[in-house]
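I have placed the structure first, in the form of structure tokens, so that the comments after it can refer back to it.
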Amino acid sequence: MRDFYEVLGVSRDASADEIKHAYRKKARQLHPDYAGPESEEAFKEVSVAYEVLRDPQKRREYDMGGASAFSGAGAGDNFGFADLFEAMFGSMGFSSGMGQTRARRGQDLLRAVEITLEEVTFGVTKDIRLDTAVVCETCEGSCCAPGTSPAICSTCGGSGSIRTVQNSLLGPIQTTIACQACAGRGHTIPHPCPECAGEGRVRATRTLQIQIPAGVQDGARLRLTGEGEAGPEGGPSGDLYIEIRQKSDSRFSRQGTDLHTRITIPMTTAALGTVFSLETYDGEQEVIIPAGTQPETEIVLKGLGIGRPTGRGRGNLRIHIGVNIPDDLSADQRNVLEQLAQERGETRVPPPDSAAGPLGWLKNKFGA
Ligand SMILES: [Zn+2]
Ligand SMILES: [Zn+2]
């Protein structure tokens, strides 16, 4: 029997990842389905080496003299996997029935998705690319090389646990611990799938189309059940969470389902009224500013706001009107306004010359 490290072509201090990659490479080259029946022995050898070295516990035991314990058993014999373990670790004999596989669930994933305020307004469909674990297509999550199946764990007889009875002063104490040979699974994988190295899942990039509803809140998390990482060894998938990040918009802001924007018009326009065109998410809209519009008037365009998350109706688009009072009047413009004030009978006390300071202002104010 060759040294397991030699069989896989890795050094004795190889990491778990290096071992896995070495196995995948060898298993692909040697699998009888690809390389023909004459490679079967070599494939088995690689599978056995990997089955031991992938498991930290077994690897330790092997490093501590497992090879010599095994060397007498006849290299190149057509051994069964249980025989190998018996030779290496002592014990045990088969019993019938597989232990329950306690399938572990895949991890949840969290992805942030940026959307514009316009996309919030109408809802949007986005393609999300995920680099994640998916179920291995070769073994469909069974972890076994095609045409092979799991073997009942010979250490625990398939129960996944080891029961020991110790005698104490108070009588026998029974303890049950998870079987270390199979990590409580009740079975082992004699021929791990070459595609996924016996994990039942592989990394892949997949694209997912997600529907983001209108009216979604900034920071909200949408949960997509079962779209997370595939579980190891055929375990159920985790969930995918999509966290919404709303980009800010220079033209509109948001309050609930209402959109807000601000338009500043000249003083004369406010007094005389106007009509103008506003570019909205629903295209150009005609906005009428009636004569005599006061500063901070709100003009409401009904139903042009953000879609409600319930799917029924939309909020409003609210236009806040600011009025620009000129602070750079020419002498002529000033005269026009003075005339207007006179015409309207609007009397006023002129403000002090700014150069005159507070005292000048007092003189003006009280006519002193
Ligand atoms: Zn596989
Ligand atoms: Zn076991």
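In the hydrophobic cluster analysis, where Ile, Leu, Val, Met, Phe, Trp and Tyr join through side-chain heavy atoms closer than 4.5 angstrom, L109 is grouped together with I210. Hydrophobic clustering (ILVMFWY, side-chain heavy atoms < 4.5 Å, transitive): L340 and V323 are in one cluster.
Between the side chains of R308 and T257, at least one donor-acceptor pair of N or O atoms lies under 3.5 Å. With no hydrogens or angles considered, no side-chain donor-acceptor pair links D332 and S330 at under 3.5 Å. When only modelled atom types and interatomic distance are considered, T125 and Q211 share a side-chain donor-acceptor pair under 3.5 Å. Counting only N and O atoms by type, the side chains of T176 and S161 include no donor and acceptor under 3.5 Å apart.
Put simply, CZ on R185 and OG on S159 are 14.5 Å apart, with the number rounded to the nearest 0.5 Å. A distance of 5.0 Å separates CD1 in I212 from CD1 in I115, rounded to the nearest 0.5 Å. One finds the CD atom of Q217 at 10.5 Å from the CD1 atom of I244 (value rounded to the nearest 0.5 Å). Atoms CG and CD1, from L110 and I242 in turn, are 8.0 Å apart once rounded to the nearest 0.5 Å. Here CD of E229 is found 9.0 Å from CG of D131. Values are rounded to the nearest 0.5 Å. For the atom pair CD1 (I319) and CG (L301), the distance works out to 4.0 Å, reported to the nearest 0.5 Å.
A side-chain donor-acceptor contact under 3.5 Å links D258 to the backbone of N316. Judged by distance alone, the side chain of R54 and the main-chain N or O of G198 form a donor-acceptor pair under 3.5 Å.
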>> Run the side-chain hydrogen bond (donor to acceptor under 3.5 Å, both in side chains) test on Q255 and R318 for me, step by step, so that the C-alpha distance in whole Å, both residues' side-chain angles and the decisive distance to 0.1 Å come before the verdict.
In response: CA-CA 10 Å; Q255 259 170 39; R318 296 177 179 274; over 6 Å; no

>> Evaluate E227 against R206 for salt bridge (Lys or Arg N to Asp or Glu O under 4.0 Å), listing each step before the verdict.
In response: CA-CA 10 Å; E227 297 289 0; R206 67 192 170 101; 3.1 Å; yes

> For K20 and E199, what are the C-alpha separation, side-chain angles and deciding distance, and is it a salt bridge (Lys or Arg N to Asp or Glu O under 4.0 Å)?
Replying inline: CA-CA 10 Å; K20 188 169 108 179; E199 290 202 346; 3.4 Å; yes

> Where do D13 and S11 land on the side-chain hydrogen bond (donor to acceptor under 3.5 Å, both in side chains) test, with the steps shown first?
Replying inline: CA-CA 5 Å; D13 57 359; S11 65; 2.6 Å; yes

> Can you check salt bridge (Lys or Arg N to Asp or Glu O under 4.0 Å) on K126 and E119, steps first, answer last?
Replying inline: CA-CA 10 Å; K126 289 252 178 207; E119 289 169 337; 3.3 Å; yes

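In this structure, Y62 and Y5 have tilted ring planes: the angle between them lies in the 30° to 60° band.
The residue from R262, H260, E296 that alone fulfils the side-chain hydrogen bond (donor to acceptor under 3.5 Å, both in side chains) condition with H320 is H260.
Atom CD of Q342 has 12 or fewer heavy atoms from other residues, nucleotides or ligands within 6.0 Å. Residue Q333 places its CD atom among more than 12 non-hydrogen atoms of other residues, nucleotides or ligands, all under 6.0 Å distant. For E298, the CD atom counts as densely surrounded, since its 6.0 Å shell holds more than 12 non-hydrogen atoms of other residues, nucleotides or ligands.
For Y50 and F4, the gap between ring centers reaches or exceeds 6.0 Å.
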